[in-house]
Amino acid sequence: MFDYMDCALKLSESVFRQLNTAIAVSQMSSGQCRLAPLIQVIQDCSPLYHYTVKLMFKLHSCLPADTLQGHRDRFHEQFHSLRNFFRRASDMLYFKRLIQIPRLPEGPPNFLRASALAEHIKPVVVIPEEAPEDEEPENLIEIGSGPPAAEPAVVADLFEQTFGPPNGSMKDDRDLQIETLKREVETLRTELDKIQLEAQRYMAQLKGQVNALEAELEEQRKQKQKALVDNEQLRHEVARLRAAQLEGERHQGLREEAEKKASATEARYNKLKEKHSELITTHAELLRKNADTAKQLTVTQQSQEEVARVKEQLAFQVEQVKRESEMKLEEQSDQLEKLKRELEAKAGELVRVQAALSHAEQSGLELSSRLDALSAEKDTLSSVVGQRQAELVAAQSLVREKEAALDQEQQRSSRERDELQGRLADKESQEQGLQRRLLDEQFAMLRGTAAEAERILQDAVGKLDDPLHLRCTSSPDYLVSRAQAALDAVSALEKGHAQYLISRADASALVAALTRFSHLAADTIVHGSATSHLAPTDPADRLIDTCRECGVQALELVRQLQDQQALLQARPSLVQTPLQGILQLGQELKPKILDVRQEELGAVVDKEMAATSAAIEDAVRRIEDVMNQARHASSGVKLEVNERILNSCTDLMKAIRLLVTTSTSLQKEIVESGRGAATQQEFYAKNSRWTEGLISASKAVGWGATQLVESADRVVLHTGKYEELIVCSHEIAASTAQLVAASKVKADKHSPHLSRLQECSRAVNEMAASVVASTRSGQEQIEDRDTMDFSGLSLIKLKKQEMETQVRVLELEKTLEVERVRLGELRKQHYMLAGAVGTPGADEPGRPSAAPRGGTSKKPPLAQKPSVAPRQDQQLDKKDGSYAAPLVNY
């Protein structure tokens, strides 16, 4: 029953919605067609509501109230919908004369109170009976049909009284009757002509009304076209406002980016804090103004959307009126055509009447009946024409109302358009002011950055003649790196300068490039001066002069950037020449001699590879000895942990031994395939840089194996730490990755030895990870974790221990920070020593190296960690199972 009620209510809602959309009333034919089905809906909904109320009271008497909560909610919704439906239907004139709609109470029944059933009144729908006036057409038909039956008798009696009974003069009487019938036919023809003239007049009037409606429709089309043009103009204005909004958002993004860069500069330059704070406050004001502009634009867009909606409604109403007018015109044209066809039929009937003059009595009866029908049709046509005229008058009044509403809407749209144009002009003026202010702020920021850059460069140039700077020294390698970075900064400065000349509203790229250039140029000048303190006299003098020239060119450039007129003639490329001179002098000052003669490199490689293999074999034997000692000295969990750690170390050593063997085979393959007609020693001498990297890698592997064995021995004897094993595993993984990288540099990528070497490298990494995992798991098993007993502690003692623990945590954090700083310094020093000792100059085939400076150097023992230079000419392959980070950290 609820579903049935929902379907009926949805039907009524759809009918009312269509009725409102079509702008129809209940007295029009279109509205009555839509409202007719609702009579049956009203008749169905009334008993449904009554039975639903009784069923709900019955259910509440049998079931708990909470169970029926959903039923009550659904009934309340249906009750309010049904009450609104009855109220709207009772207000319509169409239903008042056809059906009596009941009224529902103000509120739904209270099902929680059983006595409320007695207060319920059953709604009754009453359909009034038809009025007796409906029977009048039948009486009229009977009265109209009676006289033709009695007419022949009356005519015959009058004829006999006047002329007497017929006495053989039948021909003359018939002639008289024929003449009488002819006169009647003429009379009927005249009446028919009058009817035709009146119909033509009605047709002319209807055509005039149709032409008037067409003219009104054409005028409405013109107004619609004008409204569309105005709408298009407003749309263009809205698009322009949106573009302005997007431009404002872009400016906001640029301001935020400039703010961030100003904040970054503030961290390095304390003297620019005040200027940056002013920029930040200015940007905040601009952001607030921009937010206000965005709000105003949002309001404008909402008003434009409302105007568009109203225009669409008006266009829809005009289109609806147009469709109704066209439908009425079509109906009228159909009726006119029907009238023409009827008139033609009447003309045919008159012809048939003239042909059937011999049947006088029947013809007279037919003519009289036709005359009555024509009179009735005339009345019908007159009533139809009157109805059409009333409909046309209603349509004209409706069109006039729509025109008035459209005129008012056009006036309101024009006023709003004028207001929007005024606001747009104000916004454009404000935007121009903001643009000028932004340009000034960007140049002020650029000028402040250039001034600070000038002070930085002046300070660096002053270091060239500062006697306190004589004790400062630097390496040519670092000078070359600084000079190269400064050259890159000059290129970025050129790009930023070009972008600023194209768009003065964005100086962020130029400011960032200028900041970086000033720092790098100053660093290059200062480190050039420090490098000259350890260089010979002539190169030192040339380096000092080049640094001074670089400072002069850089100062002139930053001074030009502080002036708007000279900004256009600034040429950052002029600074590249002295920087390139500094870079060239730094390359010349790099050490170009080796600690070992190139003729001895081949023998050193073989010795180091053999020594590494021997060290690994020795490490394997020592691990086996340590394992035997651990089995005799420990038992239980400790024995299990020691065996697991030593087994993982043994597996790691076996993997390293296989990797060294494979690397030796790959090395021999490289030498055989690359030496050609030269000897093995000549090949090593020709590729001295690669050879030195191979030697360093092999030393590192041997050293790492020795350290791992010693750490494992100490851990088993409980004199070492588990962390030493973890660090040694990491060092071995890094050393083997360096050996793989050194072997892979000159190897063929399709070589089977290279594939096996990569597999061995992955196996070494896996074994190292296994050592780390077994060490950590053993450490967790061995370490004692005392359970905390707080049963005998009071609140004060707990608070005291908490404070002591916090103090201990802070001390450990401070110690950790200090140790990390120390580790960084150690790595930095190691890198410097490795670069000074192990980094040779560029390979020059065919050119013998210079003699060593301090005699023949000795090879470090295996237990001593060698100095390994980080490789920069090649990169690691991901197939090796290793990464560049361990090489750099080593």
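Sequence positions, counted from 1, serve as the residue numbers for this chain. Every heavy atom of this structure was used, including side-chain atoms; hydrogens, water molecules and symmetry mates were not.
No donor-acceptor pair under 3.5 Å is formed between the side chain of S761 and the backbone N or O of L757. Under the 3.5 Å distance criterion, the side-chain polar atoms of H469 are left unmatched by any main-chain donor or acceptor of D465. The main-chain N or O of R482 is never found under 3.5 Å from a side-chain atom of H527 such that the two would form a donor-acceptor pair. Although no hydrogens or angles enter the test, the distance criterion places no donor-acceptor pair under 3.5 Å between the side chain of S663 and the main chain of V660.
Between T531 and the options D477, L479, T473, a side-chain contact (heavy atoms from CB on, under 4.5 Å) holds for only L479.
Atom OG1 of residue T736 and atom CG of residue L652 lie 8.0 Å apart, to the nearest 0.5 angstrom. Here E454 contributes atom CD and L561 contributes atom CG; the two are 10.5 Å apart, rounded to the nearest 0.5 Å. Distance CG/N765 to SG/C760: 11.5 Å, rounded to 0.5 Å. Here the straight-line distance linking atom NE2 of H730 with atom CD1 of I726 works out to 7.0 Å at 0.5 Å rounding. Rounding to the nearest 0.5 Å places CD1 of I656 at 4.5 Å from CD1 of I732. Atom CD of Q801 sits about 9.0 Å away from atom NZ of K797, to the nearest 0.5 Å.
Between C550 and T524, the closest side-chain pair of non-hydrogen atoms is not below 4.5 Å. Between L812 and L816 there is no side-chain heavy-atom pair separated by less than 4.5 Å. Looking at V558 and S518, their side chains never come closer than 4.5 Å, going by heavy atoms from C-beta outward. Put simply, the side chain of L658 does not reach to within 4.5 Å of the side chain of K654, judged on heavy atoms. For the pair L826/R822, a side-chain contact is recorded, criterion being any heavy-atom separation below 4.5 Å from C-beta on. L438 is listed as a side-chain neighbour of Q442, based on a closest heavy-atom distance under 4.5 Å. Between R820 and T815 there is no side-chain heavy-atom pair separated by less than 4.5 Å.
Checked for salt-bridge contact, E452 and R455 meet the test: a charged N lies under 4.0 Å from a carboxylate O. Between K463 and D459 a salt bridge is recorded (basic side-chain N to carboxylate O distance below 4.0 Å).
In terms of heavy atoms, L520 sits closest to A489 at CD1-CB, 3.7 Å. Annotation for S729 and V771: closest pair OG-CG1, 3.1 Å, computed over non-hydrogen atoms. For L457 against A521, the heavy-atom pair with the smallest separation is CD2-CB, 3.9 Å. In plain terms, the two heavy atoms of M767 and A655 that are nearest each other are CG-CB, 4.0 Å. For G586 against V480, the heavy-atom pair with the smallest separation is C-CG2, 3.6 Å. Nearest heavy-atom pair across I525 and G551 is CD1-CA, 3.7 Å.
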Stepwise side chain to side chain contact (heavy atoms under 4.5 Å, CB included) check, L798 with E802: CA-CA 6 Å; L798 284 173; E802 180 183 354; over 6 Å; no
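Taking D466 as the reference, nothing meets the salt bridge (charged side-chain N to carboxylate O under 4.0 Å, His left out) condition, with sequence neighbours excluded. Contacts of E811 classified as salt bridge (charged side-chain N to carboxylate O under 4.0 Å, His left out), with partners at least two apart in sequence or in another chain: R808.
Side-chain contact check for S648 and S770: no donor-acceptor pair (N or O, by modelled atom type) lies under 3.5 Å.
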